[in-house]
Protein chains: 2
Amino acid sequence: MSTTAPAQWTEHVLSTLDRAGHRSTGPRTAVVGAIADLGCSTTAREIADLLRGRNAGVGMASVYRALELLERLKVVRRVDVGEGSARYEPAYPSGEHHHHLVCDACGNVTAFEDDDLERVIHALSRRVDFDIAGHEVTLRGACPLCSPSR
Amino acid sequence: MSTTAPAQWTEHVLSTLDRAGHRSTGPRTAVVGAIADLGCSTTAREIADLLRGRNAGVGMASVYRALELLERLKVVRRVDVGEGSARYEPAYPSGEHHHHLVCDACGNVTAFEDDDLERVIHALSRRVDFDIAGHEVTLRGACPLCSPSR
DNA sequence: GTGAATGCAAACTCTTTGCATGACT
DNA sequence: AGTCATGCAAAGAGTTTGCATTCAC
């Protein structure tokens with residue numbers, strides 16, 4: 001729980017970068033800050049837009065390069081809900097994570113957690129013939145605002 | 001079980017197309033045939049390549065248009081395992097389906113089924129604030145051939 | 001015969017890469 | 001100083017779209 005605060009995550013990322021011998025440059029830390037602020041499930045474009053608004057204009061190439069590095073260092077998680085562009089979100093060292101509800105109508109992406117789900121997936125992971133390193137669950141449907149019952 | 005045979009699925013697709021007022025043209029039925037033959041989790045490119053090999057060369061645009069239509073009619077399921085291109089597979093009217101194991105090393109995609117997983121997801125779907133219509137589970141890791149223990 | 005479907009090519013979006021310039025340690 | 005990181009612009013991959021032609025019904 002204490003590891004999930006944005007500030008702590010940012011600290012964690014910066015020290016991880018340092019430990020891995022990477023520089024904490026302006027553009028790179030700006031991207032880290034943007035991810036911390038945007039939180040769950042953002043796109044490269046959203047990050048670039050936010051930074052442009054902050055007059056910290058960072059080139060798209062640098063955004064993508066930063067995301068690739070952060071994912072490789074496992075401090076950012078790449079999530080693919082299948083709408084053409086990849087989504088990214090902070091990854092916490094504790095391993096705690098969530099999954100996503102995607103609205104097919106408006107594209108809204110919401111997070112959820114479920115212990116039973118994690119337990120079943122964990123058990124399942126031991127049974128299959130793969131060496132499982134991670135998992136992703138996406139539930140699709142209509143969000144409260146788009147639901148026909150409204 | 002009887003609904004999962006490729007031939008039956010093909011029949012089902014053709015009658016669904018007809019019922020929905022769509023024509024069963026050569027290119028379109030060729031795409032349906034390719035999906036039936038390729039089975040689980042294929043890409044638009046693989047379908048086009050197979051058809052080219054069969055001298056039934058169908059333009060990429062037609063492959064994509066057929067896939068879009070078939071998905072809309074719910075006879076094809078689009079699966080996104082997040083490697084740049086979308087994957088497609090037959091969808092059976094019985095609702096039976098599977099999920100995927102993806103090898104991060106070689107890209108190999110394998111199917112699996114798990115009743116416990118389905119049960120948990122079903123229960124979960126009733127609790128969330130979305131009107132859930134479907135779900136997707138992807139387990140990532142190393143396949144038997146890429147596993148370090150080999 | 002008529003409207004739907006096709007094929008090609010061009011357009012578009014997202015992402016990656018080459019290369020000269022600039023900045024962190 | 002030396003190297004790593006940046007930015008731009010061009011290249012690439014996957015997918016979509018416009019439009020004249022063709023084909024199923």
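We name chains A, B, ... by the order of the sequence lines, and we start the count at 1 in each one. Because the structure is predicted, anything quoted here is derived from the model rather than measured.
In the model, B/His97 has a side-chain atom that pairs as donor or acceptor with a side-chain atom of B/Glu118 under 3.5 Å.
Without hydrogens or angle criteria, A/Arg78 side chain to A/Ala86 main chain gives no donor-acceptor distance under 3.5 Å.
Along DNA chain D, the nucleotide nearest B/Glu83 and the nucleotide nearest B/Asp18 are compared for position; the residue whose nucleotide lies closer to the 5' end is B/Glu83.
The nucleotide whose nearest atom lies closest to any side-chain atom of B/His22 is, among D/dG7, C/dC14, C/dA5, C/dA5.
Atom CD of A/Glu83 has more than 12 neighbouring heavy atoms from other residues, nucleotides or ligands inside a 6.0 Å radius.
Residue pairs meeting the salt bridge (charged side-chain N to carboxylate O under 4.0 Å, His left out) criterion with at least one partner in residues 30-49 of chain B, sequence neighbours excluded, are B/Asp37-B/Arg54, B/Arg45-B/Asp49, B/Asp49-B/Arg52.
Expressed to the nearest 0.5 Å, how far NE2 of B/His135 lies from NE2 of A/His99 amounts to 13.0 Å. Rounding to the nearest 0.5 angstrom, the gap separating the CG atom in A/Asn108 from the CZ atom in B/Phe130 is 4.5 Å.
Note on A/Gly21: nothing from the nucleic acid sits closer than 4.0 angstrom, heavy atoms only.
For the pair A/Arg45 CZ and C/dC12 P, the computed distance is 15 Å after rounding to whole Å. Per the geometry, CZ belonging to A/Arg72 stands 13 Å off C1' belonging to D/dA5, to the nearest Å. Residue B/Leu69 contributes atom CG, which lies 13 Å from atom P of D/dT16 at whole-angstrom precision. Between the P atom of D/dC23 and the CG atom of B/Leu17 lies a distance of 20 Å, rounded to the nearest Å. If you measure from atom CZ of B/Arg52 to atom P of C/dC8, you get 10 Å, rounded to the nearest angstrom. Separating the CG atom of A/Asp49 from the C1' atom of C/dC14 is a distance of 14 Å, rounded to the nearest angstrom.
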- request: Starting at the 5' end of nucleotides 16-25 of chain C, put B wherever the base has a protein heavy atom under 4.0 Å, S where only the sugar-phosphate does, and a dash everywhere else.
  value: BBB----BB-
